[in-house]
Amino acid sequence: MLTIAALAEPISHGLSQKAVELGRPLGFPITNSMVVTWIVALGLIVFAQLATRKMADVSSGPQNLLEWLIEGLYGLLESMMGHHLVERTFWFFGSVFIFILAANWVGLIPGVGSMGWGHYTAEGFQLEEPFFRGANADVNLTMAMALTFFAMWIVWGLRALGPLGFFKELFAPKGSTTGVLKLLMYVVFFAAGLLEVVSILFRPVSLSFRLYGNVFAGETMLETMAQVPYIAWLVQIPFYFLELLVGLVQALVFMLLTAVFTLLICQHHEEGSAAHD
């Protein structure tokens with residue numbers, strides 16, 4: 001018989017590698033990681049509305065925090081990518097950093113992953129279907145963000161270079177050569193371009209699994225520490241603060257890697273714009 005537990009501590013099972021389906025209204029599956037994703041998105045929307053509802057010249061409270069965060073991220077990306085490129089792309093990089101950071105930290109709130117349906121055994125309460133799961137501990141979300149970036153990367157590259165320039169950036173030889181050496185450079189750079197295309201196609205996989213793997217590993221570690229007899233709460237404290245740091249680092253890594261990938265495809269166009277200015 002299923003029972004609801006306020007705060008259930010798993011005894012003999014590890015964290016599920018996939019999200020648990022909570023229901024299927026109108027045939028649409030709802031998982032516990034989707035619920036946390038919606039909660040985080042709604043919370044960020046509410047915070048943004050509160051921070052920008054009454055803008056003041058001298059900011060304070062939520063407005064001050066939001067301005068500090070946006071200005072810091074904008075300045076960091078501008079120093080890497082240049083003014084023209086960050087002006088067009090900051091909406092994505094700033095949003096993805098804030099969302100990943102918020103999702104990572106919300107996943108560490110007590111009760112996320114430890115509250116749900118289960119049953120009692122001789123060893124204690126066995127949690128089977130948690131109501132909530134860290135959003136980025138579900139590879140579906142991290143893959144969706146990586147694929148969204150991949151689509152935007154193509155759009156930004158085509159806008160900056162055009163279809164022909166995009167093709168040349170991948171396959172055309174760099175530098176000036178003549179004669180047989182020029183023909184050889186065409187062959188070499190075309191082969192290198194094919195390898196680059198393979199590398200580009202694997203970027204969504206590496207981006208998604210890097211974020212998912214680190215978040216999932218952190219939650220598994222905290223669950224393992226929770227099984228230590230008598231002093232589980234004490235043992236978890238240093239690892240809890242470590243996961244707060246990991247959540248920040250992983251948000252930065254995802255944002256910076258996607259920013260660097262974008263800069264690499266658009267850098268010649270940006271250098272030309274800077275020279276023109």
- request: Check step by step if side chain to side chain contact (heavy atoms under 4.5 Å, CB included) holds for T89 and M152.
  value: CA-CA 9 Å; T89 60; M152 294 309 306; over 6 Å; no
query: Could you state the interatomic distance from CD (E78) to CG (L85), rounded to the nearest 0.5 Å?
result: 11.0 Å
message: Could you check whether any side-chain heavy atom of Y212 comes within less than 4.5 Å of a side-chain heavy atom of L141, counting everything from C-beta outward?
response: no
- request: Give the minimum heavy-atom separation between A102 and V40, together with the two atoms involved.
  value: CB-CG1, 3.8 Å
field: Test: R203 and E196 ion pair at under 4.0 Å
entry: yes
query: What orientation do F167 and F171 show, parallel under 30°, tilted 30 to 60°, or perpendicular over 60°?
result: tilted
Side-chain (T142) to main-chain (S208) donor-acceptor, under 3.5 angstrom: yes
statement: Taking every heavy atom of V215 against every heavy atom of A137, the minimum-distance pair comes out as CG1-N, 3.8 Å
query: Does F131 offer a backbone N or O that forms a donor-acceptor pair with the side chain of N32 under 3.5 Å?
result: no
- prompt: Under 4.5 Å between any side-chain heavy atoms of I200 and L170, yes or no?
  reply: yes
message: For the backbone of A48 and the side chain of T52, can you confirm whether one donor and one acceptor N or O come within less than 3.5 Å of each other?
response: yes
Nearest-0.5 Å distance, OG of residue S95 to CD1 of residue I100: 10.5 Å
query: Between S33 and G134, which heavy-atom pair has the shortest distance, and what is it?
result: CB-O, 4.2 Å
message: Treating W105 as the side-chain partner and L244 as the backbone partner, does any N or O pair qualify as donor plus acceptor under 3.5 Å?
response: yes
message: Using every non-hydrogen atom in the two residues, find where L101 and A251 come nearest and quote the distance to one decimal.
response: N-CB, 3.8 Å
message: I'd like to know if the side chain of W153 reaches the main chain of F261, judged simply by a donor and an acceptor atom lying under 3.5 Å from each other, with no hydrogens or angles considered.
response: yes
- request: Report yes if some heavy atom in the side chain of F254 is under 4.5 Å from a heavy atom in the side chain of R210; otherwise report no.
  value: no
task: Would you kindly confirm whether L164 and F190 end up in one hydrophobic cluster when ILVMFWY residues are joined by side chain heavy atoms under 4.5 Å apart?
output: no
query: What do the steps show when you test Q63 against R53 for side chain to side chain contact (heavy atoms under 4.5 Å, CB included), and what is the final call?
result: CA-CA 9 Å; Q63 180 187 341; R53 183 175 54 182; over 6 Å; no
query: Where the side chain of Q236 meets the backbone of L222, is there a donor-acceptor pair that is under 3.5 Å apart?
result: yes
field: Flag side-chain contact, heavy atom, 4.5 Å: R88 against R159
entry: yes
query: Are L263 and W91 in one and the same hydrophobic cluster, where Ile, Leu, Val, Met, Phe, Trp and Tyr link if side-chain heavy atoms are under 4.5 Å apart?
result: yes
Spacing of E219 atom CD and R133 atom CZ [to the nearest 0.5 Å]: 6.5 Å
field: Nearest-0.5 Å distance, CG of residue L252 to CG of residue L73
entry: 8.0 Å
task: Give me the ring orientation class for F93 and F149: parallel if the planes are under 30° apart, tilted from 30 to 60°, perpendicular past 60°.
output: tilted
- request: Using a 4.5 Å cut-off on heavy atoms from C-beta on, say whether the side chain of M81 contacts that of T262.
  value: yes
field: Close side-chain approach of V139 to F216, heavy-atom, < 4.5 Å
entry: no
task: Could you check if a side-chain atom of T31 sits within less than 4.5 angstrom of a side-chain atom of L22, using non-hydrogen atoms only?
output: no
message: Using the rule that Ile, Leu, Val, Met, Phe, Trp and Tyr join whenever any side-chain heavy atoms are under 4.5 Å apart, tell me whether V155 and L201 fall into a single cluster.
response: no
field: Joint hydrophobic cluster, L234 plus M221, side-chain heavy atoms closer than 4.5 Å
entry: yes
- prompt: Apart from L50 itself, what residues make up its hydrophobic cluster when side-chain heavy atoms of I, L, V, M, F, W and Y under 4.5 Å apart count as a link, directly or indirectly?
  reply: L42, V46
message: Applying a strict under-4.5 Å side-chain criterion to I, L, V, M, F, W and Y, I'd like to know whether F202 and L195 cluster together.
response: no
query: Any side-chain heavy atom of I98 within less than 4.5 Å of one from I70?
result: yes
From CA spacing to verdict: side chain to side chain contact (heavy atoms under 4.5 Å, CB included), N140, M34: CA-CA 10 Å; N140 293 291; M34 291 171 63; over 6 Å; no
query: How far apart are the closest heavy atoms of A51 and L66, and which atoms are they?
result: CB-CD2, 3.7 Å
query: Given I109 and V112, is the side chain to side chain contact (heavy atoms under 4.5 Å, CB included) satisfied, shown in steps?
result: CA-CA 6 Å; I109 295 176; V112 176; 4.2 Å; yes
message: Could you check whether any side-chain N or O of Y240 sits under 3.5 Å from a backbone N or O of L108, counting only pairs where one atom can act as donor and the other as acceptor?
response: yes
Where F99 and A41 come nearest, the two heavy atoms and their spacing: CE1-N, 4.4 Å
message: Test: side chain to side chain donor-acceptor pair (under 3.5 Å). Region: residues 37-51. Which pairs qualify, not counting sequence neighbours?
response: none
query: Atom CE in M143, atom CG in L207: separation rounded to 0.5 Å?
result: 9.5 Å
- prompt: Roughly how far apart are M225 CE and I231 CD1, rounded to 0.5 Å?
  reply: 10.5 Å
query: Going by the side chain to side chain donor-acceptor pair (under 3.5 Å) test, which pairs reach into residues 68-77, not counting sequence neighbours?
result: none
